[in-house]
Number of protein chains: 2
Amino acid sequence: MLSKKTKYGLKALAYLASQKDKKPVQISEIAEKENISQKFLESILLSLRKTGFLGSKKGKGGGYYLLKTPEEISMTDVMRVLEGPIAMVPCVSLNFYESCDDCPDEQACSVHKLMLQVRDSALEVYRKNTLRDIIS
Amino acid sequence: MLSKKTKYGLKALAYLASQKDKKPVQISEIAEKENISQKFLESILLSLRKTGFLGSKKGKGGGYYLLKTPEEISMTDVMRVLEGPIAMVPCVSLNFYESCDDCPDEQACSVHKLMLQVRDSALEVYRKNTLRDIIS
DNA sequence: TATTACCCTACTAATTTAATAGAGTTTTCA
DNA sequence: TGAAAACTCTATTAAATTAGTAGGGTAATA
């Protein structure tokens, strides 16, 4: 399952990408329009700022804004930051690799074999979609 | 993340598919060879029996065995039974569909748009893999 | 300089997962 | 026919994760 954090984060990014101009958008506006708990959204936007997707401006007229154009924002990067590993098992993860305690031979493992394909197919989808591609 | 239930269930199925003959295999043997808690495995095999993947034989010389050949067992079906929905959000699920409370327009939703592609790509992987394909 | 809005920490309720425990039932083979 | 072997079922629980909630602090702008 996709976590709410990822879902809300994606929606917020999409909302920012749909803005006409590049003026900062307040958390409260995004929260209201996208039906997200404001406090929860706050923490999500904060993490997107810390990972370089968003910039913020404080004070009156402040808010969040995209640091790059929607075309430059890859879903692969967004998913890794919001959801974490793209792989469903650590032993096939590129960025979060861990071996299994129970598995004596990774290459012979049927779960490994299947999940490697699932990972690659998901990566392919994320790779070919930018933020631009998923807004209407 | 893939649940342990699914991981263990897949390993057990693969173990049964690797048997030379069709004689029932005891839970204890699978649990030991695949490093799985026997009691936990018991409940997993039970659900695989109830969903028509496995047959069981009680008493001395009993155990579990595949009801179909490995070639006939599709990963799509196995994943649906063990892991549940293949989609990462209910609103793109074929077999477990639910609409989102928060989302006014499903077709316009960027999360929906992305997750639909992810679901289709995962389904394609599961579709083209049978139990035969993932054993060594 | 007051207001607005971001920033941060800590806590918590709910849910899910991954078992664990233990008793009960059925079947088979000697 | 009876006892061992093996499946079946229910209930409980510990740990982890998720999805928030609460509340105060800090910085910037008009």
Side-chain angles (χ1 to χ4, degrees), chain A residues 1-12 16 23-32 34-51 53-67 81-85 88-90 96 98 100-102 111, chain B residues 1-12 16 23-32 34-51 53-67 81-85 88-90 96 98 100-102 111:
Chain A
M1 282 288 291
L2 198 73
S3 69
K4 300 271 185 187
K5 179 183 175 186
T6 304
K7 182 180 174 185
Y8 295 162
L10 274 173
K11 285 195 166 196
L16 290 174
K23 276 195 303 195
V25 180
Q26 295 157 237
I27 292 180
S28 59
E29 178 182 336
I30 307 176
E32 193 181 342
E34 299 292 342
N35 298 300
I36 305 171
S37 142
Q38 178 162 342
K39 277 291 192 180
F40 192 26
L41 182 58
E42 231 177 80
S43 71
I44 297 167
L45 295 182
L46 195 58
S47 84
L48 286 172
R49 191 187 64 82
K50 287 184 176 171
T51 46
F53 292 97
L54 301 180
S56 68
K57 189 169 176 233
K58 291 183 182 180
K60 202 168 194 174
Y64 280 102
Y65 52 91
L66 292 179
L67 282 177
V81 162
L82 291 172
E83 188 75 3
M88 294 181 80
V89 281
F96 301 83
E98 271 179 64
C100 303
D101 312 337
D102 49 310
V111 176
Chain B
M1 280 286 292
L2 197 72
S3 70
K4 299 272 184 184
K5 179 184 174 185
T6 304
K7 182 180 175 186
Y8 295 162
L10 275 173
K11 285 195 166 196
L16 290 174
K23 277 195 303 194
V25 180
Q26 294 157 237
I27 292 179
S28 59
E29 179 183 333
I30 306 175
E32 193 183 341
E34 298 292 342
N35 297 301
I36 305 170
S37 142
Q38 178 162 341
K39 276 293 192 179
F40 191 27
L41 181 59
E42 231 177 80
S43 70
I44 297 167
L45 295 182
L46 195 58
S47 84
L48 286 172
R49 190 186 65 84
K50 287 184 175 168
T51 47
F53 292 97
L54 300 180
S56 68
K57 189 169 177 236
K58 291 183 181 179
K60 204 167 192 173
Y64 281 100
Y65 52 91
L66 292 179
L67 281 177
V81 161
L82 291 172
E83 188 75 3
M88 293 180 80
V89 282
F96 302 81
E98 273 179 63
C100 303
D101 312 337
D102 49 309
V111 176

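Quick note: numbers below take in every heavy atom, side chains included, and nothing from hydrogens, waters or symmetry partners. The chains referred to below are lettered A, B, ... by the order of the sequence lines, with proteins before strands, and numbering in each begins at 1.
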Side chain of [X] only, heavy atoms from C-beta on: which candidate in [options] is closest?
X	options	result
S3(B)	dA19(D), dA18(C), dT28(C)	dA18(C)
K39(B)	dG22(C), dG23(D), dG20(D)	dG22(C)
K60(A)	dA19(C), dT4(C), dA19(D)	dT4(C)
I27(A)	dC6(C), dA18(C), dA23(C)	dC6(C)
Q26(A)	dT26(C), dA5(C), dA28(D)	dA5(C)
R49(A)	dA28(D), dC8(C), dT28(C)	dC8(C)
Y8(B)	dT8(D), dA19(C), dT28(C)	dA19(C)
S56(B)	dG24(D), dG20(D), dC7(D)	dC7(D)
K58(A)	dC7(D), dA28(D), dT20(C)	dA28(D)

Could you tell me how far apart [X] ([atom1]) and [N] ([atom2]) are, to the nearest whole angstrom?
X	N	atom1	atom2	value
K5(B)	dA18(C)	NZ	C1'	11 Å
E32(A)	dA5(C)	CD	C1'	16 Å
L54(B)	dA6(D)	CG	P	17 Å
L2(A)	dT17(D)	CG	P	17 Å
L46(B)	dT25(C)	CG	P	16 Å
F40(A)	dC8(C)	CZ	C1'	16 Å
E42(A)	dT21(D)	CD	P	12 Å
I44(B)	dC7(D)	CD1	C1'	15 Å

Do any side-chain nitrogens or oxygens of [X] fall under 4.0 Å of OP1 or OP2 in [N]?
X	N	result
Y64(A)	dC7(C)	yes
S37(B)	dT20(C)	yes
S28(B)	dA6(D)	no
K57(A)	dC7(C)	no

Problem set entry | Worked check of side-chain contact (heavy atoms from CB on, under 4.5 Å) between N35(A) and D101(B) | CA-CA 9 Å; N35(A) 298 300; D101(B) 312 337; over 6 Å; no

Locate the shortest heavy-atom distance separating [X] from [Y]; write the atom from each residue and the value.
X	Y	answer
R49(B)	L54(B)	CG-O, 3.3 Å
L45(A)	I27(A)	CD1-CG1, 3.8 Å
L41(B)	A31(B)	CD2-N, 3.6 Å

For this session: Go through L82(A) and I44(A) one step at a time and tell me if the side-chain contact (heavy atoms from CB on, under 4.5 Å) criterion holds.
Result: CA-CA 8 Å; L82(A) 291 172; I44(A) 297 167; 4.1 Å; yes

Problem set entry | D102(A)/K7(B) under side-chain contact (heavy atoms from CB on, under 4.5 Å): CA gap, chis, key distance, verdict | CA-CA 11 Å; D102(A) 49 310; K7(B) 182 180 175 186; 3.2 Å; yes

Exercise. Taking five pairs at each end of the helix from dT1(C)-dA30(D) to dA30(C)-dT1(D), what angle separates the two helix axes (nearest 10°)?
Worked result: 10°

For this session: Would you sort out whether E83(A) and S3(A) count as a side chain to side chain donor-acceptor pair (under 3.5 Å), showing the intermediate values?
Result: CA-CA 7 Å; E83(A) 188 75 3; S3(A) 69; 3.0 Å; yes

Show me the side-chain donor-acceptor pairs of residues 56-66 of chain A shorter than 3.5 Å, one per line, residues at least two apart or across chains.
none

Exercise. Under 4.0 angstrom, heavy atoms only, what part of the nucleic acid is K7(B) near: base, sugar-phosphate, or nothing?
Worked result: nothing

Seminar exercise, completed: Note: for V25(B) and G59(A) on DNA chain D, the residue whose nearest nucleotide lies more 5' is V25(B)

